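Shown next, in structure tokens, is the structure this report addresses.
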Amino acid sequence: MSITIKTGADIDGMRLAGRLAGEVLDYLTPFVKPGVTTEELDKLAHDYMVNVQGCIPAPLNYAPGGHKPYPKSICASVNHQICHGIPNDRPLKNGDIVNLDITTIKDGWHGDSSRMFIAGEGSIAAKRLCKITYEAMWHGIAKVKPGARLGDIGHAIQTFVENQGFSVVREYCGHGIGRGFHEEPQVLHYGRPGTLEEIKPGMIFTIEPMVNAGKRDIKALGDGWTIVTKDHSLSAQWEHTILVTETGYEVLTLSAGSPPLPDFMLADKTASA
Ligand code: MF3
Ligand code: CO
Ligand code: CO
């Protein structure tokens, strides 16, 4: 397989799938409070996707090579869990941070987005990690335009994160997306400017940095999916699905409830949306 270029109706399909993923996150937002379980959030999201949006939740039974089928409809990664946390029956506690990662399939097209949430009142450290990770994602997005290279995205994210004293997870990355959940190319969240694949109009890929408050090392739990920080430090992640346009980019997973862009993006002129 190689990188697919999306045109016309493909892009319309991806716009819809993307917006719907964002709208699942909007829908879940008021439910993320101390006392709720991630299994309850999974059920809410599943029913909303299937019954209201007419979507298929892409994670459910997803079984890429070497993995057992993923058992739930969303990923919910709490505190030191980096990604692929499996929803369970433990209630969130005041101050917990949780990443909810939603992937819709609508008319065969995938939309993939995740946000951080804080149950109740978070610590200053937790709030700072979530904010820096959000800004890191946008530093990556800001690099997207024809003629730039994937290494420009990774470099922007890595330098920003490391300057804040945090670390970037290396083992998981963004990805091409379309009819497939995970397509080429891989979008690394670290790297060197001017390296790797040239960015071209019609490419669609995710940018989804995972940022640890401590060291970057990871550990896989025995459930076959959950990835945690080896040093048990907090970890955060944000994700958008991005279309490369003729002049820059369009964020496909924005929705009415998306958080405002960071201040440094407000002057950005490359966005075509
Ligand atoms: N949504 C994740 C991503 O951003 C992938 C989750 S795979 C699952 O790529 F099976 F764990 F859901
Ligand atoms: Co993704
Ligand atoms: Co995702």
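The basis for the numbers below is simple: all heavy atoms, side chains too, and nothing from hydrogens, waters or symmetry mates. For ligands, and for the atoms within them, numbers begin at 1 and follow the listed sequence. Everything numeric here is computed off the predicted structure, so don't read it as measured data.
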Is E246 atom CD crowded by more than 12 heavy atoms from other residues, nucleotides or ligands, each under 6.0 Å away? no
Any N/O of D101 closer than 3.5 Å to an N/O of ligand 1? yes
Any non-hydrogen atom of D112 lying under 4.0 Å from ligand 1? yes
Between ligand 1 and E239, is the shortest N or O to N or O distance under 3.5 Å? yes
Contact check, H67 vs ligand 1, heavy-atom distance below 4.0 Å: no
Got a salt bridge between D26 and R115, using NZ or NE/NH1/NH2 to carboxylate O under 4.0 Å? yes
Please verify whether a non-hydrogen atom of H175 lies at under 4.0 Å from ligand 1. yes
Got more than 12 heavy atoms from elsewhere within 6.0 Å of CG, N51? yes
Atom 7 (S) of ligand 1 has as its nearest protein heavy atom Y62 CD2, 3.8 Å
Between K127 and E121, does any NZ, NE, NH1 or NH2 come within less than 4.0 Å of an OD or OE carboxylate oxygen? yes
Does F181 come within less than 4.0 angstrom of ligand 1, counting non-hydrogen atoms of the residue? yes
Would you find more than 12 non-hydrogen atoms of other residues, nucleotides or ligands less than 6.0 Å from Q186 atom CD? no
How about NZ on K131, more than 12 heavy atoms from neighbouring residues, nucleotides or ligands closer than 6.0 Å, or not? no
Within H182, is some N, O or S atom less than 2.8 Å away from the Co ion (ligand 2)? no
Test your reading of the model: is there a side-chain donor-acceptor pair from N79 to the backbone of I97, 3.5 Å cut-off? yes
Among non-hydrogen protein atoms, atom 9 (O) of ligand 1 lies closest to H182 NE2, 2.7 Å
Only heavy atoms of T103, strictly under 4.0 Å: list the atoms of ligand 1 that pass. 1 (N)
Of all N/O/S atoms in H175, which lies nearest to the Co ion (ligand 2)? NE2
At a 4.0 Å threshold, what atoms of ligand 1 neighbour a non-hydrogen atom of W225? 8 (C), 10 (F), 11 (F)
Check whether any N, O or S atom of E208, backbone or side chain, sits closer than 2.8 Å to the Co ion (ligand 3). no
Kindly report the OE2-the Co ion (ligand 2)-OD2 angle for E239 and D112 respectively, rounded to 10°. 80°
Less than 3.5 Å between some nitrogen or oxygen of E208 and one of ligand 1, yes or no? yes
Got more than 12 heavy atoms from elsewhere within 6.0 Å of NZ, K143? no
For F205, which of T241, V144, I3 qualifies under side chain to side chain contact (heavy atoms under 4.5 Å, CB included)? V144
Got a salt bridge between R149 and D152, using NZ or NE/NH1/NH2 to carboxylate O under 4.0 Å? no
Looking at P59, A58, C75, the heavy atom closest to atom 11 (F) of ligand 1 belongs to C75
